[in-house]
Amino acid sequence: MPEGHTIHRLAAEYHRVFGGQAVAVSSPQGPFADAAARIDGRVLTETDAKGKHLFLGFASGDWVHIHLGLYGKVFWGHGPAPEPVGQVRMRMTTAADDAYSDLRGPTKCLLVDEGEKREVEARLGPDPLRPQDTGDAAWKRISSSRTTIAALLMDQKVLCGVGNVYRAEVLFRQGVNPHRAGRSLDRAEWDGIWADLRPLMREGVRVGRIDTVRPEHTPEAMGRPPRQDDHGGEVYVYRRAGQPCLVCGTEVRTEEHAARNLFWCPRCQS
DNA sequence: TCTGGATGTTCAT
DNA sequence: TGAACCTCCAGAG
């Protein structure tokens, strides 16, 4: 589930497992082999995340820049790493050989220097998961844009880390119709979205999945039968087309919007 | 067993 | 705006 919360969680996990150690890095069957050889045996000093971009920093000054894309995944294992199965782009193993991670299917996995890392970060809007970031720069873009708020929330240059699930859910929670132009929002509406995203995504980092339903709206609280999500979290509208809205009972709608699936409740978000 | 779709980005047109 | 790229899984047949 690679939205921003997944990446920040991975940054913490890479640091917890490998931080401060000389790690073995290999690329068993991938095009990352040369880069892996360059950092193999170096000390992993820090990890960083901005939006959906993950950075693993080495004492040599090199950073591994990872973007999971739609399919990328990191598998974690204890004990000595077994023979890799399938395509593993980057395998990292502790100095003691008691833990390892396998990165599969990322859109991006390459070695960059400090300047290149800064360039990547400079292209991104503020990240709700970074405490030092504010929503001001995003508001500047949104308040002058004729593009829909649905499309703007997915534009990583406007703000970063939000994907299709958080987009659908935060707009529902704030009662904002996704088709409204950015510039039709007032500052209070944007502040509401930004202020809601922060704790929502922080909770995503903590638990490792996207839960957005307020306690008073859970199926139990509403006296409805429990539902099983196919993406591991409890949500209001994401992939719930045709189902009754948890709050008002109106059928949740879906459409393709800017080449992505959009979900909303036409009544709660009128 | 095969097909299509998916939480994302980038490049070409 | 559409295709391409990476992988996995549910559903169809």
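Chain identifiers are assigned alphabetically (A, B, ...) following the order of the sequence lines, protein sequences preceding nucleic acid strands; residue numbering begins at 1 within each chain.
- Applying the 4.0 Å criterion to OP1 and OP2 of B:dT7, one finds that A:Y238 has a side-chain N or O inside that range.
- Rounded to a whole Å, the CE atom of A:M154 is 8 Å from the C1' atom of B:dG8.
- In this entry the distance linking OH of A:Y71 with P of C:dT7 reads 10 Å, nearest Å.
- When rounded to the nearest whole Å, the span between NE2 of A:H65 and P of B:dG8 equals 15 Å.
- Both tests do not hold together for A:R240 against A:F263: distance to the six-membered ring centre under 6.0 Å, angle to the ring axis within 45°.
- At whole-Å resolution of the value, CG in A:N164 and P in B:dA6 are 9 Å apart.
- Residue A:Q87 places its side chain closer to C:dT7 than to any other of B:dT7, B:dT9, C:dT7.
- Within 6.0 Å of CZ in A:R130 there are more than 12 heavy atoms belonging to other residues, nucleotides or ligands.
- Nucleotides C:dA3 and B:dG4, compared at atom P, are 14 Å apart to the nearest Å.
- Distance noted for atom P between B:dG5 and C:dG2: 15 Å (whole Å).
- For the OP1/OP2 pair of C:dC6 and a distance below 4.0 Å, the side-chain nitrogens and oxygens of A:K108 include no atom meeting the criterion.
- Using a 4.0 Å cut-off, some side-chain N or O of A:R260 falls inside it from OP1 or OP2 of B:dT7.
- For A:E3, the side-chain atoms get nearest to B:dT7 when compared with the rest of C:dT7, B:dT9, B:dT7.
- Atom CG of A:L262 is separated from atom P of B:dT7 by 11 Å (rounded to the nearest Å).
- In this structure, A:K52 reaches the B:dT9 phosphate: one of its side-chain N or O atoms is under 4.0 Å from OP1 or OP2.
- Each of A:N261 and A:R123 lies near DNA chain B, and the nucleotide nearest A:N261 is the one positioned closer to the 5' end.
- Summarising the geometry, the separation between NZ on A:K73 and P on C:dC8 is reported as 7 Å, rounded to the nearest angstrom.
- Residue-environment remark: CG (A:D34) stays at or below the threshold of 12 foreign heavy atoms within 6.0 Å.
- With salt bridges taken as basic N to acidic carboxylate O contacts below 4.0 Å, none links A:D113 and A:R118.
- Comparing the P positions of C:dC8 and B:dT10 gives a spacing of 22 Å, expressed to the nearest Å.
- Atoms CD1 (A:I66) and P (B:dG8) sit 18 Å apart, rounded to a whole Å.
- Exactly one of A:I39, A:D40, A:L103, A:L56 qualifies for a side-chain contact (heavy atoms from CB on, under 4.5 Å) with A:M92. That residue is A:L56.
- Rounded to an integer number of Å, the gap from A:Y166 OH to B:dT7 C1' is 10 Å.
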